[in-house]
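Reviewing the structure listed below.
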Amino acid sequence: MKLTLDTLETWLWDSADLLRGHTDSSDFKNYIFGLLFLKRANDQFLEEANNAVTNEGISLEEALEDEDLHDFFIPKEAYWSELTKKTENIGVALDKAFAGIEENNEQLQGVMTAVHFGDTEKLPDDLLARLLQHFNKYSLANADLDNPDILGNSYEYLIREFAGDAGKAGGEFYTPKEVVQLVVGLIKPQAGNSVYDPTCGSGGMLIDSAHYIKSNGGTVGKHINVSLYGQERNLGTWAIAMINMIVHGFKDSDIRKGDTLASPKHEENSELMTFDRVIANPPFSLKKWWAPAEIDVKVDENGKETTPKYNDVVSDEYGRFKYGIPPRGYGDLAFVQHMISVLKNDGRMGVVLPHGILFRGGTEGKIRKGILNDDIIEAIVGLPEKLFYNTGIPASIIIINKSKPSNFKNKVVFIDASSEYKNGKNQNTLTPENISKVIDAYDGLETIDKFMRVVDMSEIEENDFNLNISRYIDTSEDEIIIDIQATREDISALESKEKEIDSKLNGYLKSLGF
């Protein structure tokens, strides 16, 4: 019987129960994802070898040693069958196994060794032995899976579950899938596109962009016709993104590690690469967002930091901040300007940001004005509150198009989707109907009372380039006008009716002897 998605999800989630009490829940994902990939790579490796024995008539030993026969080559010290025999120093053996896989597979450099199993205080031998036996329960070879997609789907399930279980640590790298689907549906990636996420987290926005292209016919044979690029600062999250790409079949994706603002990694001829679609959910209102400015921060005699003035210290060799330098305490518009700078002239981008960037003044107001004057903001979508794990505040989606069609010129589409959600105890969600309503309204470009409105730039200028959605869409309910005189007459009629009923009731009671 082949492994189904339900069984796989339960099996993988049960592995978290083995770790509880030994290490912080925010670290579960690193260990479980590492072991999941190790088991999958071994099972696939052995399957490829057996297929070569059958199809090419070579010995199993030859098939195991021929690197050209395998997607990922597994050295002997990383064989699953050998690791499960270990009874002591299991963590050290696992670390050596991951290092050996990296040495033999250039595309996995830094991925497998991002997490360490050799800490015996966190991961004693008896715990690791139980984990390995638990992961030994099922085969993850292609022939044993119900369908090829379930491994990627189960990986997404784990990412989602760990985001909820680990609180803010999980929310740091996880964007709810429904929000991702909405943004992707608004920017509409196409076959042949390059898609880039400068804060890619675990890679969900890139993967959903590829799935959108596939669902709209963008495939070449078995392969989706898309190029995926991303960058992620957190090393552990970057490793998860790399594995996520691999289990979804995107091993050729280009995911770099590092601080995108201070050190963007995707370059061509000493200039930043540009992309057809750019999509992101950057960290909300990131403080101290320009790392080079924070190296020499001084502390006075009272222990208080001397705050560097970013206008004086931020110097970008790529010229990304042409609209202005955002303040030290709000990195939102630094990410937006980076995204604009790497967007092709006929490209489109979607970014999820807190509402504050729509109306805050000062430097942010000047940046917003500059972007609006260039007429590249196509739409603003207000989202409901409590959609994200790490914050209850409502967010917004900004759609930017460097080649707006004529019917969008000098206009901005405003959509208030703050009431479009399914209520949850701890977290709200967007339903497929909510998502479709927003996308259909955006595509239709017709005014919908209390929901969508196309606003001329002249009106936005009159509002001093403030993009607060409530300024352009009135969602208040009309007050009911009460006719006082008519109401008094109704009350008088009711009082007369009441007296008449009382009189009849007294008559009935009297006839009964009361």
Side-chain angles (χ1 to χ4, degrees), residues 175-189 208 212 216 277-281 336 347-359 368-369 371-388 393-423 428-479:
T175 306
K177 190 172 183 64
E178 298 80 13
V179 175
V180 177
Q181 290 172 342
L182 175 55
V183 181
V184 171
L186 291 169
I187 66 171
K188 296 177 173 54
D208 260 62
Y212 180 92
N216 285 277
R277 296 291 185 271
V278 180
I279 185 170
N281 176 20
V336 170
R348 304 180 75 207
M349 70 175 245
V351 56
V352 182
L353 292 167
H355 272 286
I357 62 101
L358 301 177
F359 55 79
R368 191 169 57 245
K369 177 180 178 180
I371 298 173
L372 283 164
N373 281 335
D374 278 356
D375 195 24
I376 58 175
I377 296 181
E378 190 166 276
I380 306 289
V381 179
L383 296 175
E385 63 181 6
K386 293 172 63 178
L387 287 180
F388 297 85
I393 65 171
S396 60
I397 300 170
I398 299 179
I399 304 298
I400 284 179
N401 186 348
K402 286 190 173 180
S403 299
K404 291 167 71 171
S406 56
N407 56 338
F408 279 95
K409 292 287 187 183
N410 291 307
K411 295 179 174 65
V412 176
V413 177
F414 285 86
I415 298 177
D416 186 343
S418 58
S419 298
E420 296 297 318
Y421 64 91
K422 179 182 178 182
N423 189 43
N428 296 327
T429 56
L430 299 176
T431 67
E433 292 75 22
N434 298 145
I435 295 170
S436 294
K437 182 176 179 179
V438 173
I439 294 174
D440 291 347
Y442 176 67
D443 294 342
L445 208 62
E446 292 183 4
T447 297
I448 301 175
D449 188 41
K450 302 184 186 302
F451 184 71
M452 195 203 91
R453 188 173 162 238
V454 181
V455 179
D456 287 328
M457 197 65 70
S458 58
E459 183 179 343
I460 295 173
E461 187 172 356
E462 288 173 5
N463 279 294
D464 198 24
F465 299 97
N466 187 314
L467 295 177
N468 199 351
I469 297 170
S470 61
R471 290 200 176 209
Y472 305 99
I473 298 178
D474 182 10
T475 58
S476 62
E477 297 294 332
D478 294 334
E479 292 184 8

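Everything numeric here is computed off the predicted structure, so don't read it as measured data.
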Exercise. Are Phe451 and Ile473 close enough, and set up right, to give a side chain to side chain contact (heavy atoms under 4.5 Å, CB included), and what steps lead you there?
Worked result: CA-CA 7 Å; Phe451 184 71; Ile473 298 178; 6.0 Å; no
Problem set entry | Stepwise side chain to side chain contact (heavy atoms under 4.5 Å, CB included) test for Val180 and Asn281 | CA-CA 9 Å; Val180 177; Asn281 176 20; over 6 Å; no
For this session: Evaluate the side chain to side chain contact (heavy atoms under 4.5 Å, CB included) criterion for residues Val336 and Ile357: first the C-alpha distance (whole Å), next the side-chain angles of each, then the deciding distance (0.1 Å), finally the verdict.
Result: CA-CA 10 Å; Val336 170; Ile357 62 101; 5.8 Å; no
For this session: Test Asp456 against Ser458 for side chain to side chain donor-acceptor pair (under 3.5 Å), laying out the working first.
Result: CA-CA 5 Å; Asp456 287 328; Ser458 58; 4.8 Å; no
Problem set entry | Asp443/Lys188 under side chain to side chain contact (heavy atoms under 4.5 Å, CB included): CA gap, chis, key distance, verdict | CA-CA 11 Å; Asp443 294 342; Lys188 296 177 173 54; 3.0 Å; yes
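Atom CE of Met349 and atom CD1 of Ile377 lie 9.0 Å apart (nearest 0.5 Å). Leu383 CG to Asp416 CG: the interatomic distance, rounded to the nearest 0.5 Å, is 10.0 Å. Remark: Ile469 CD1 to Ser418 OG distance equals 7.5 Å, nearest 0.5 Å. Note that CD1 of Ile187 and CD1 of Ile279 are 4.0 Å apart. Values are rounded to the nearest 0.5 Å. A distance of 11.0 Å separates CD1 of Ile393 from CG of Leu387, quoted to the nearest 0.5 Å. Residue Asp375 holds its CG atom at 3.5 Å from NZ of Lys404, rounded to the nearest 0.5 Å.
For residues 457-473, the pairs satisfying salt bridge (Lys or Arg N to Asp or Glu O under 4.0 Å) are Arg453-Glu459, with sequence neighbours left out.
With a 4.5 Å cut-off on side-chain heavy atoms, Met452 and Tyr442 do not count as touching. Contact of the Glu178 side chain with the Leu182 side chain is not registered, since no non-hydrogen atoms from C-beta on lie closer than 4.5 Å. Contact of the Tyr421 side chain with the Lys386 side chain is not registered, since no non-hydrogen atoms from C-beta on lie closer than 4.5 Å. Under the 4.5 Å side-chain criterion, counting only non-hydrogen atoms from C-beta, Gln181 is not in contact with Val184. Side-chain atoms of Leu372 and Val412, non-hydrogen and from C-beta on, do get closer than 4.5 Å to each other.
In terms of modelled atom types and a separation under 3.5 Å, the side chain of Arg368 and the main chain of Leu358 share a donor-acceptor contact. The backbone N or O of Phe465 lies less than 3.5 Å from no partner atom in the side chain of Asn463, so there is not a single donor-acceptor pair. Listed for the Asn428 side chain is a donor-acceptor partner under 3.5 Å among the backbone atoms of Glu385.
Between Gly185 and Tyr212, the shortest heavy-atom contact is CA-CE1, 4.1 Å. For the residue pair Arg348 and Asn401, the shortest heavy atom distance occurs at NE-ND2, 3.7 Å. Taking all atoms of both residues into account, the shortest heavy-atom contact from Pro394 to His355 is O-CD2, 3.2 Å.
The side-chain contact (heavy atoms from CB on, under 4.5 Å) test with Pro384 singles out one residue from Asn434, Thr429, Leu430, and that residue is Leu430.
For Phe414, the ring-ring contact (aromatic ring centres under 6.0 Å, His included) partners are Tyr472, not counting sequence neighbours.
Around NZ of Lys369, the count of heavy atoms belonging to other residues, nucleotides or ligands within 6.0 Å does not exceed 12.
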